[in-house]
2 protein chains.
Amino acid sequence: MRTVAKQAGVSYQTVSRVINEASGVAPETRSRVLTAMRELGYRPSLAARSLARNRTEIVGLVLPSSVDLTFADAHLLQMVGGVDRGVSDNDYSTLLASPKESEPVLSAFRRLVRQRTVDGVLIEAGMGEEGVALLVDAGYPVTVIGHTSLDVPSVRPDDESGAYVAMQHLLALGHRRIALIGSENPGNLAVAARRSGCDRALADAGLALDMSLVERGEWTIASGRAATERLLDLPAPPTAVFAFNDSMAIGTLQVARERGIEVPRQLSVLGFDDTPSAALLTPALTSVRVFSAEQGERAARTLIGILRGMTPPSSPVILPSQLVVRSSTAPLTR
Amino acid sequence: MRTVAKQAGVSYQTVSRVINEASGVAPETRSRVLTAMRELGYRPSLAARSLARNRTEIVGLVLPSSVDLTFADAHLLQMVGGVDRGVSDNDYSTLLASPKESEPVLSAFRRLVRQRTVDGVLIEAGMGEEGVALLVDAGYPVTVIGHTSLDVPSVRPDDESGAYVAMQHLLALGHRRIALIGSENPGNLAVAARRSGCDRALADAGLALDMSLVERGEWTIASGRAATERLLDLPAPPTAVFAFNDSMAIGTLQVARERGIEVPRQLSVLGFDDTPSAALLTPALTSVRVFSAEQGERAARTLIGILRGMTPPSSPVILPSQLVVRSSTAPLTR
DNA sequence: TTCCCTCTCGTGAACGGTCACATGTGTGAT
DNA sequence: ATCACACATGTGACCGTTCACGAGAGGGAA
């Protein structure tokens, strides 16, 4: 910078002013500095700037280490894409900060705190709340992508109304024996919201949930299969299955096919998340779309807004979800 | 740091030595410093260190901005996961540096150069070679993930032998009228390698490629559909279709189904990449797996090795690919 | 003319580390 | 006792910015 200053015949401070587009520099001087910068191929050092300003213009992104990179994680990729868009549009950069597979998740957060290399952090809700708390305690601005019980800014899909609309869809098709897979995971707030959407739809129709048709699920194809096996073995099996994510719905489709049960004629199947694969299945899966990329982008904007001094939103930002009807659901036939 | 030094009754330089685990500090002093650090909640500033050392321990990762986040990009997600693993295992961090959608791809590279915030860059081959050249000219160590004609370190799958084995598979099943979709994209090195694998397999069997069965393809489902329509309209349609990625193979499956052509009984279909969705299709798609995560990880390790002063590999690192046989290919029936 | 204010620019001191070197200790060999 | 040498620690300068000032030039009003 000093070199540029000399070449342009000004002081380094003036160069700094030009770089930061600060006012108070004569147009003629500015252009002289600019050409000097160009001639010397000068590039400012982000490190020095970070040191002086005490901020890096980098935000961290913590998401589950995708050990088993199943297709379900397509949601994550979209989120990452959205985050990066929101971040780079604001002239920040995104630093990946997932835990190593060999370490406890919390240490990823600790590392982030220790290294002091980011100004704020975006956290996928699946990472758990201790980590979020840890960062907040360390004074980091934070935004959570997904549900959180903590009092921090967050962006999430409208799971409740997504599930509500999905359930209404099944009810409108005439289904009454509707199974739920994955609704019994206590402590998972997304699940709770979806479940409550289901309950509301049933209540609106003057019905109640048949608890014998409610199965746990671990979000994997395998657990979807297992749950479906149990459901279909019931004396009075369901006529529709609402799985709380697409992977488990895929498990349902597989088992149904193996048993020669035709979907959707004999069994309607509904998923959640609307993974890109959903449209490719046979039959194409009806699902609830959650707009992962938009969530990521919105979260990024929120966080950077906070970093820039705006007051954080006092309540979670809720993005609409949307039922995508395909060919895995059909009217009840008797 | 000065504060810690005072508290521990030593000089700041000693503190620095402790932090960097340098030798030449008495065990007793070290522990005294460590407790002082703990008591004061001291965390070293990465920015200051970067400034002094003139490196940041951060590597950039440039990949196509996933505008249309189709499922095909699952490959990208896996790559990112692998990269981050390789990077963080070496105590570096990964900075996302994809171009914004609104800007030309080159400007993402320029930004990277201008900001000087990374020590080296990983580049997905799809980003084009001008960007790579730009970074190299600017003095950045670089590693390409995928095929490149430039003389830079790179990591890529063995497309040639992958295609070779796949083609052998079809030939062994008795197929002779084998169509190729996507092999006619000049300049794409991955395509060239796959094509040459096909040619070799045919030559080994004393056969030659029937050019009337070779179709271009744009890597999308839609273009796979279009190519398949043309192929099936031929007076003597193929008995097997080898698409150069899974998306196009999906297009083939779709068209076949619409026309009532049974896969694999009447038509064998083979994909490339082995996207996670491949296993979920009906019928499950036979495909060539390329181990995206491993590529990313390996590239990361290579780059960081270079940053640490190792001599870069003189030729591309080639990771094996593997034919995954599922149910979309079957013996030829007459 | 004088005063004051604004615009433009320059100076010194941080920011929090690292590097190269100088300085002090104890130990063993001569 | 002397010297050399390894080991442990301290000192000054520097990395490349920004920040809080201060200072000079020019212009308008009194």
Side-chain angles (χ1 to χ4, degrees), chain A residues 1-37 40-58 91 93 113-119 138-139 307-309, chain B residues 1-37 40-58 91 93 113-119 138-139 307-309:
Chain A
M1 192 163 100
R2 256 95 174 170
T3 317
V4 173
K6 200 173 300 171
Q7 164 120 356
V10 295
S11 82
Y12 52 83
Q13 173 60 359
T14 305
V15 177
S16 174
R17 285 196 185 93
V18 170
I19 293 170
N20 295 292
E21 291 163 356
S23 61
V25 52
E28 196 272 338
T29 316
R30 133 174 276 109
S31 71
R32 196 147 36 89
V33 171
L34 285 174
T35 62
M37 277 171 48
L40 272 61
Y42 162 83
R43 316 191 289 267
S45 152
L46 238 196
R49 173 182 307 197
S50 301
L51 176 58
R53 286 214 253 215
N54 200 27
R55 62 196 146 93
T56 59
E57 318 263 272
I58 295 176
D91 298 313
S93 300
V113 171
R114 191 156 7 93
Q115 295 196 154
R116 283 205 281 164
T117 177
V118 300
D119 292 345
L307 293 178
R308 295 213 167 123
Chain B
M1 192 163 101
R2 257 94 175 167
T3 318
V4 173
K6 199 174 301 171
Q7 165 119 355
V10 295
S11 82
Y12 53 83
Q13 173 61 358
T14 304
V15 177
S16 173
R17 285 196 185 94
V18 170
I19 293 169
N20 294 290
E21 292 164 354
S23 61
V25 52
E28 197 272 337
T29 317
R30 133 174 276 110
S31 71
R32 194 145 39 89
V33 171
L34 285 174
T35 62
M37 279 172 47
L40 270 61
Y42 163 83
R43 315 192 287 269
S45 153
L46 236 197
R49 172 184 309 202
S50 302
L51 177 58
R53 286 211 246 205
N54 200 28
R55 62 195 144 93
T56 59
E57 318 263 275
I58 295 176
D91 297 314
S93 301
V113 171
R114 193 159 2 95
Q115 296 197 154
R116 280 204 283 163
T117 175
V118 299
D119 292 345
L307 293 178
R308 296 212 166 125

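Here is the naming used below: chain letters follow the sequence lines, and residue numbers restart at 1 for every chain. None of the values given here were measured: they were computed from a predicted structure.
- Interface limits on DNA chain C: the 5'-most and 3'-most nucleotides within less than 4.0 Å of chain A heavy atoms are C:dT8 to C:dG17.
- Heavy-atom distances under 4.0 Å link DNA chain C to no residue of residues 28-37 of chain B.
- Listed by chain and number, the residues in a side chain to side chain contact (heavy atoms under 4.5 Å, CB included) with B:Tyr12 are B:Met1, B:Arg2, B:Ala5 (sequence neighbours excluded).
- Taking side-chain N and O atoms only, A:Ser16 has no distance below 4.0 Å to OP1 or OP2 of D:dT17.
- Scanning for salt bridge (Lys or Arg N to Asp or Glu O under 4.0 Å) contacts around A:Arg32 gives A:Glu28, with sequence neighbours left out.
- Residues passing the side chain to side chain donor-acceptor pair (under 3.5 Å) test with A:Thr56 are A:Asp119, sequence neighbours excluded.
- The line from OG of B:Ser50 to CG of A:Leu51 is 9.5 Å long, rounded to the nearest 0.5 Å.
- A salt bridge (charged side-chain N to carboxylate O under 4.0 Å, His left out) check over residues 3-23 of chain A, counting only residues at least two apart or in different chains, returns nothing.
- Axis angle, first five pairs versus last five pairs of the helix from C:dT1-D:dA30 to C:dT30-D:dA1: 50°, rounded to 10°.
- Under the side chain to side chain contact (heavy atoms under 4.5 Å, CB included) criterion, A:Leu40 pairs with A:Thr3, A:Val4, A:Gln7, not counting sequence neighbours.
- Annotation: proximity of residues 41-58 of chain A to DNA chain C (heavy atom, distance under 4.0 Å) is found for A:Leu51, A:Ala52, numbered in ascending order.
- A side-chain contact (heavy atoms from CB on, under 4.5 Å) with A:Val15 is found for exactly one of A:Leu34, A:Asn20, A:Val33, namely A:Val33.
- Within the structure, salt bridge (charged side-chain N to carboxylate O under 4.0 Å, His left out) contacts touching residues 41-58 of chain A (residues at least two apart or in different chains) are A:Arg55-A:Glu57.
- Each of A:Tyr12 and A:Val25 was matched to the nucleotide of DNA chain C holding its nearest heavy atom; the match closer to the 5' end belongs to A:Val25.
- Among residues two or more places apart in sequence or in another chain, the side chain to side chain contact (heavy atoms under 4.5 Å, CB included) test is passed with A:Ser93 by A:Ile58, B:Leu95, B:Gln115.
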Do nucleotides 21-28 of chain D as a string where each nucleotide becomes B, S or -: B if the base has a protein heavy atom under 4.0 Å, S if just the sugar-phosphate does, - if no protein is that close.
--------
